Number of protein chains: 2
Amino acid sequence: MACEEAFIRQLRERGFRLTPQREMVLNVLHEIEGYATADEIYQRVQEISTSVDISTVYRTLELLQEFDLVVSMDLEDGQRRYVLLGVHGAHSHLQCRCCGALIGVSADEIEPFVEQMQAAHGFEVDVGHLMIPGVCQECREAREDS
Amino acid sequence: MACEEAFIRQLRERGFRLTPQREMVLNVLHEIEGYATADEIYQRVQEISTSVDISTVYRTLELLQEFDLVVSMDLEDGQRRYVLLGVHGAHSHLQCRCCGALIGVSADEIEPFVEQMQAAHGFEVDVGHLMIPGVCQECREAREDS
DNA sequence: TTGTCTGCAAACTATTTGCACCGAG
DNA sequence: CTCGGTGCAAATAGTTTGCAGACAA
């Protein structure tokens with residue numbers, strides 16, 4: 001598990017400690033392999049061990065973000081989502097406002113757009129935090145049927 | 001003021017009423033000519049008339065969104081921003097995580113990207129709600145100087 | 001042992017809602 | 001006159017924080 005190693009190394013380097021709670025949060029993020037709210041992560045951690053507090057989950061997620069192992073994004077429903085930057089590294093997400101689905105889009109695919117914004121505005125796009133709202137194929141088809 | 005007319009027409013059509021509070025919120029949005037938080041809008045409305053409640057501001061903003069005269073977006077600081085869709089219509093925003101600046105980008109400019117997502121994923125991008133996080137030119141230059 | 005981390009509870013903040021009165025149509 | 005809209009206050013919901021005790025190193 002390369003990301004756990006990276007995590008432990010960074011913890012050591014900066015004088016932080018490796019606690020079972022931190023391991024559990026990281027493991028849960030690994031299982032999920034996608035976005036999740038703090039509460040969803042909390043629920044899964046609870047399945048493994050009760051008496052882990054939601055505030056610890058938040059604190060761990062903050063730490064993981066400082067280490068660039070996780071990115072967070074705000075959807076319009078007011079719940080922040082957290083994504084583990086796994087082996088694939090930074091990528092963007094299409095977010096369906098209809099069914100709520102999040103669809104991953106590789107950084108490669110976003111690249112032309114990133115370069116365009118760079119050229120036109122000197123703006124450096126943060127691909128890992130890019131959320132693209134809209135309507136997914138399934139929902140569009142469902143809509144056309146009616 | 002074309003958008004006020006559009007507003008009044010839609011109000012009438014749907015049996016809603018035109019109140020001074022609703023006019024004030026719309027006027028403030030007009031003055032601002034850009035994004036603003038509910039609280040910022042509330043403050044400006046207060047300058048014109050005290051005893052207008054923040055809940056009325058929220059309710060009016062919701063109404064304006066239903067009428068497609070305003071779009072809202074969530075930035076990572078947990079405060080929702082509201083933008084009046086003026087004469088220019090829907091457009092996207094570059095958001096600098098460094099200085100907080102919001103830079104408008106026309107729908108035309110986003111068009112190639114929209115078509116790409118359409119072709120590759122059948123996903124219909126909602127240009128008006130698209131927030132593109134990153135670092136703006138000024139902040140990048142400031143960073144390079146150090 | 002030492003100082004970080006945790007659980008608990010309380011605080012915060014942005015937003016939403018219930019309700020009785022007010023006022024636009 | 002009617003009933004949609006408002007101000008007020010209280011409720012929510014997600015997230016953050018203070019603190020005393022727990023535990024990794």
Side-chain angles (χ1 to χ4, degrees), chain A residues 4 7-28 35-46 48-67 70-83 100, chain B residues 4 7-28 35-46 48-67 70-83 100:
Chain A
E4 173 138 2
F7 182 45
I8 295 174
R9 180 164 29 79
Q10 289 213 52
L11 282 172
R12 295 253 157 81
E13 278 171 14
R14 303 218 223 162
F16 291 107
R17 290 178 185 168
L18 178 63
T19 63
Q21 289 89 335
R22 287 177 175 168
E23 274 194 288
M24 279 188 271
V25 170
L26 190 60
N27 286 339
V28 165
Y35 61 99
T37 64
D39 197 62
E40 283 161 2
I41 295 163
Y42 173 61
Q43 299 299 339
R44 303 270 299 240
V45 170
Q46 287 273 309
I48 307 168
S49 160
T50 1
S51 85
V52 170
D53 198 71
I54 184 97
S55 65
T56 300
V57 172
Y58 277 112
R59 285 189 272 231
T60 303
L61 288 168
E62 206 184 313
L63 200 65
L64 287 164
Q65 286 183 86
E66 274 179 42
F67 290 0
V70 161
V71 293
S72 72
M73 288 159 294
D74 286 315
L75 273 62
E76 299 250 329
D77 68 351
Q79 299 202 200
R80 195 162 292 161
R81 313 295 157 124
Y82 299 86
V83 186
Chain B
E4 174 139 1
F7 182 45
I8 295 173
R9 181 164 27 81
Q10 290 214 52
L11 282 173
R12 295 255 156 82
E13 278 172 14
R14 303 218 223 165
F16 292 107
R17 289 177 186 169
L18 179 63
T19 63
Q21 290 90 336
R22 287 176 175 168
E23 274 194 287
M24 279 189 270
V25 170
L26 190 60
N27 286 340
V28 165
Y35 61 98
T37 64
D39 197 63
E40 282 161 4
I41 295 163
Y42 173 61
Q43 299 299 339
R44 303 270 299 242
V45 170
Q46 287 274 307
I48 306 165
S49 160
T50 1
S51 85
V52 171
D53 199 70
I54 184 95
S55 65
T56 300
V57 173
Y58 277 113
R59 285 188 272 230
T60 303
L61 288 169
E62 206 184 314
L63 201 65
L64 287 164
Q65 287 182 84
E66 274 179 41
F67 290 179
V70 161
V71 292
S72 72
M73 287 160 293
D74 287 315
L75 273 63
E76 298 251 329
D77 68 351
Q79 300 202 199
R80 195 163 293 160
R81 313 295 156 121
Y82 300 86
V83 187

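Reminder, nothing fancy here: chain letters follow the sequence lines and each chain counts from 1. The basis for the numbers below is simple: all heavy atoms, side chains too, and nothing from hydrogens, waters or symmetry mates. The structure presented is a predicted model; accordingly, all values stated were derived computationally and were not measured.
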All N/O contacts under 3.5 Å from nucleotides 20-25 of chain D to the protein, with atom names and distances to one decimal?
unit_1 : atom_1 : unit_2 : atom_2 : d
D:dA24 : O3'    : A:L18  : O      : 3.4
D:dA24 : N3     : A:R17  : NH1    : 3.3
D:dA25 : OP1    : A:L18  : N      : 3.4

Q) Taking only residues two or more places apart in sequence, or in another chain, which ones meet A:L11 in a side-chain contact (heavy atoms from CB on, under 4.5 Å)? A) A:F7, A:F16, A:L18, A:R22, A:L63, A:F67
Q) Through what angle, rounded to 10 degrees, does the axis of the helix from C:dT1-D:dA25 to C:dG25-D:dC1 turn between its ends, using five pairs per end? A) 30°
Q. Tell me, for nucleotides 11-19 of chain C in 5' to 3' order, what letter each nucleotide earns: B for a base near a protein heavy atom under 4.0 Å, S for only sugar-phosphate near one, - for neither?
A. ---SBBBB-
(Q) Can you give me the closest heavy-atom contact between A:Y82 and A:T37, atom names plus distance? (A) CD1-C, 4.4 Å
**Q.** Rounded distance (Å) that lies between atom C1' of C:dG25 and atom CG of B:L11
**A.** 13 Å
**Q.** Contacts of type salt bridge (charged side-chain N to carboxylate O under 4.0 Å, His left out), residue A:R59, not counting sequence neighbours
**A.** none
**Q.** Residues which pass side-chain contact (heavy atoms from CB on, under 4.5 Å) with A:E62, listed by chain and number, not counting sequence neighbours
**A.** A:E66
Q.
To the closest 0.5 Å, what do you measure between CD (A:E23) and CD1 (A:I8)?
A. 6.0 Å
(Q) Nearest whole Å is fine: how far is D:dG5 P from B:L63 CG? (A) 8 Å
Q. Could you state the CZ-P distance from B:R22 to C:dC22, rounded to the nearest angstrom?
A. 19 Å
Q | Spacing of A:L61 atom CG relative to C:dT6 atom P, expressed in whole Å | A | 12 Å
(Q) Applying side-chain hydrogen bond (donor to acceptor under 3.5 Å, both in side chains), can you list everything that pairs with A:Q65, at least two apart in sequence or on another chain? (A) A:S72
Q | B:Q43: partners by side-chain hydrogen bond (donor to acceptor under 3.5 Å, both in side chains), with sequence neighbours left out | A | B:D39
Q) Who passes side-chain hydrogen bond (donor to acceptor under 3.5 Å, both in side chains) against B:Y58, sequence neighbours left out? A) none
Q | salt bridge (Lys or Arg N to Asp or Glu O under 4.0 Å) partners of residues 73-83 of chain A, not counting sequence neighbours, each pair once | A | A:D74-A:R80, A:D77-A:R81
Q: Write down the distance between CD (B:E76) and P (D:dT15), rounded to a whole number of angstrom.
A: 11 Å
**Q.** Taking every non-hydrogen atom, the tightest pair across A:A38 and A:I54
**A.** O-CD1, 4.0 Å
Q | Integer-rounded Å distance: C:dT6 P and A:E23 CD | A | 12 Å
Q: Could you check how far CD of B:Q10 sits from C1' of D:dG4, rounded to whole Å?
A: 18 Å
**Q.** By side-chain hydrogen bond (donor to acceptor under 3.5 Å, both in side chains) - contacts of A:Y42 (at least two apart)
**A.** A:Q46
